[in-house]
Amino acid sequence: MSLNGWAGFLVKRWFEWLVSLAIALGAIGAAQAQSKPLVIADSQRDRWSAIGKLNINGYRSAGSCTGTLIAPDLVLTAAHCVVNPKLLLPYPLYRIQFVAGWHKGEHRGAATAKAVWVHPDYDMTTEAERYANPKNTGRDIALIVLTQPIDGIVPATVSDMPGSGGPVALLGYRRDRPDILTDYSGCSSPASLGGIVLLSCAVVEGTSGAPIFRKSEDGWEIIGVVSSRREGAKGPRSMGAAVDQGVLKRVRSGGE
């Protein structure tokens with residue numbers, strides 16, 4: 001192996017060690033992740049109606065992610081949710097559909113994609129090995145411009161608020177509960193590192209792309225999206241991609 005190759009290998013190992021250490025340290029004293037997270041009550045549906053299901057091939061698709069409306073025609077989600085893992089390219093736009101406020105078979109509006117923006121530092125050529133690439137996890141974020149706005153919903157706010165630790169709000173559509181939002185109450189973010197938001201709770205398939213909210217003086221703001229789940233010394237935990245200035249700049253330009 002060349003000198004540059006060894007340097008890259010050592011940097012990667014060092015980064016992986018730091019992430020593992022941060023998860024382990026952050027979990028000490030934190031509340032244990034719920035084995036069966038709660039679903040939202042019917043009375044909470046309007047409050048979280050900006051969150052919806054992101055489906056490939058139809059709004060009743062079992063294989064789906066979670067996305068959030070951050071403008072009437074703009075959705076925030078994870079990059080790997082819109083990238084075909086075999087072709088290592090974004091899915092055709094007509095196959096990508098966002099369904100807002102999906103709740104027990106009903107929704108508040110739906111639209112297909114008009115354009116997709118994937119974080120420029122997200123390496124799609126290694127998407128198939130995403131779980132072994134911590135740096136890619138921190139850039140696992142994408143925006144979807146919809147073919148038409150979904151009105152009547154208050155969009156969520158995004159922020160690049162620095163990760164100072166503490167409780168977060170995390171809601172998503174688990175694959176084993178596809179018809180209602182799961183509320184991962186008790187989840188916290190012990191730290192952020194290299195664009196990665198570390199989470200104390202363990203998510204399951206379907207929650208990818210779910211919004212990670214942190215409370216500010218102006219209310220709940222999205223600071224990242226769920227990317228993957230990791231096995232750590234204290235049990236399974238999760239990791240998200242943080243909203244950065246590049247994402248905010250794209251949001252302000254309408255996602256295109």
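Predicted, not measured: the structure shown is a model, and the values here were computed from it.
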Can you tell me if Thr66 and Thr207 form a side-chain donor-acceptor pair at under 3.5 Å? no

Nearest-0.5 Å distance that lies between atom CZ in Phe98 and atom CG in Leu54: 7.5 Å

Is there a side-chain contact (heavy atoms from CB on, under 4.5 Å) between Val247 and Asp160 once you walk through the steps? CA-CA 9 Å; Val247 174; Asp160 64 341; over 6 Å; no

Distance check, rounded to the nearest 0.5 Å: Lys53 atom NZ versus Thr77 atom OG1? 13.0 Å

Measure across Pro211 and Leu170 and return the closest heavy-atom pair with its distance rounded to 0.1 Å. O-CD1, 3.3 Å

Report yes if the side chains of Val116 and Val82 come closer than 4.5 Å at any heavy-atom pair, otherwise no. yes

Would you say the side-chain atoms of His103 and Asp42 include a donor-acceptor pair closer than 3.5 Å? yes

Would you please say whether a donor-acceptor pair under 3.5 Å links the side chains of Asp123 and Thr125? yes

What one should report as the nearest heavy-atom pair of Cys81 and Ile56 is O-CD1, 4.1 Å

May I ask you to decide whether Lys114 forms a salt bridge with Asp73, counting only side-chain N to carboxylate O separations under 4.0 Å? no

Would you check if the side chain of Ser189 reaches a backbone N or O of Leu199 as a donor-acceptor pair within less than 3.5 Å? no

Would you check if Val251 and Ile70 make a side-chain contact, meaning some heavy-atom pair closer than 4.5 Å? yes

Interatomic distance, Leu38 atom CG to Ile180 atom CD1 [nearest 0.5 angstrom]: 10.5 Å

Determine whether Trp102 and Asp179 make a side-chain contact, defined as any pair of heavy atoms from C-beta on separated by less than 4.5 Å. yes

Any salt bridge linking Asp46 with Arg108? Criterion: basic side-chain nitrogen under 4.0 Å from a carboxylate oxygen. yes

Residue list, side chain to side chain donor-acceptor pair (under 3.5 Å) with Gln148, at least two apart or on another chain: none

Quick one: are Leu146 and Thr112 in side-chain contact, heavy atoms under 4.5 Å? no

Please check: side-chain N/O of Asp140 versus main-chain N/O of Ala241, any donor-acceptor pairing under 3.5 Å? no

For residues Ala113 and Ile144, report the shortest heavy-atom separation together with the two atoms involved. CB-CG2, 3.6 Å

Show the nearest heavy-atom pair for residues Tyr184 and Ala202, with the distance to one decimal. CE2-O, 3.4 Å

Does some side-chain heavy atom of Val158 sit less than 4.5 Å from a side-chain heavy atom of Ile222? yes

Identified side-chain contact (heavy atoms from CB on, under 4.5 Å) counterpart of Ser49 within the set Ile153, Leu69, Ile150: Ile153

Distance alone, cut at 3.5 Å: any donor-acceptor contact between the side chains of His80 and Ser227? no

One should read off an interatomic distance between Ser159 OG and Asp218 CG, to the nearest 0.5 angstrom, of 9.0 Å

Shortest non-hydrogen contact between Pro167 and Arg214, atoms and distance: O-NE, 4.2 Å

Could you walk me through whether Glu205 and Asp176 pass side-chain contact (heavy atoms from CB on, under 4.5 Å), step by step? CA-CA 8 Å; Glu205 189 175 352; Asp176 57 351; over 6 Å; no

Side chain to side chain donor-acceptor pair (under 3.5 Å) with Glu106: which residues, sequence neighbours excluded? Arg45

Does Ser188 offer a backbone N or O that forms a donor-acceptor pair with the side chain of Ser200 under 3.5 Å? yes

Is Leu76 close to Leu143 at the side-chain level, that is, under 4.5 Å between some pair of heavy atoms? yes

Would you indicate whether the side-chain heavy atoms of Ile212 and Val226 approach each other to under 4.5 Å? yes

When rounded to the nearest 0.5 angstrom, what distance separates CD1 in Ile223 from NZ in Lys215? 14.5 Å

Without hydrogens or angle criteria, can the side chains of Gln97 and Asn55 be said to hold a donor-acceptor pair below 3.5 Å? no

Quick one: closest heavy-atom pair of Cys65 and Ser208, and the distance? CB-O, 3.3 Å

Do Val145 and Leu74 come close enough that some side-chain heavy atom pair is under 4.5 Å? yes

d(Ile40 CD1, Ser185 OG) to nearest 0.5 Å is 12.5 Å

Tell me whether the rings of Phe213 and Trp48 are parallel (<30°), tilted (30 to 60°) or perpendicular (>60°). tilted

side-chain contact (heavy atoms from CB on, under 4.5 Å) between Leu89 and Asn84, intermediate numbers included: CA-CA 6 Å; Leu89 292 170; Asn84 187 316; 5.6 Å; no

Output, in order, the C-alpha distance, side-chain angles, deciding distance and verdict of side-chain contact (heavy atoms from CB on, under 4.5 Å) for Tyr173 and Leu181. CA-CA 5 Å; Tyr173 291 92; Leu181 271 175; 3.5 Å; yes

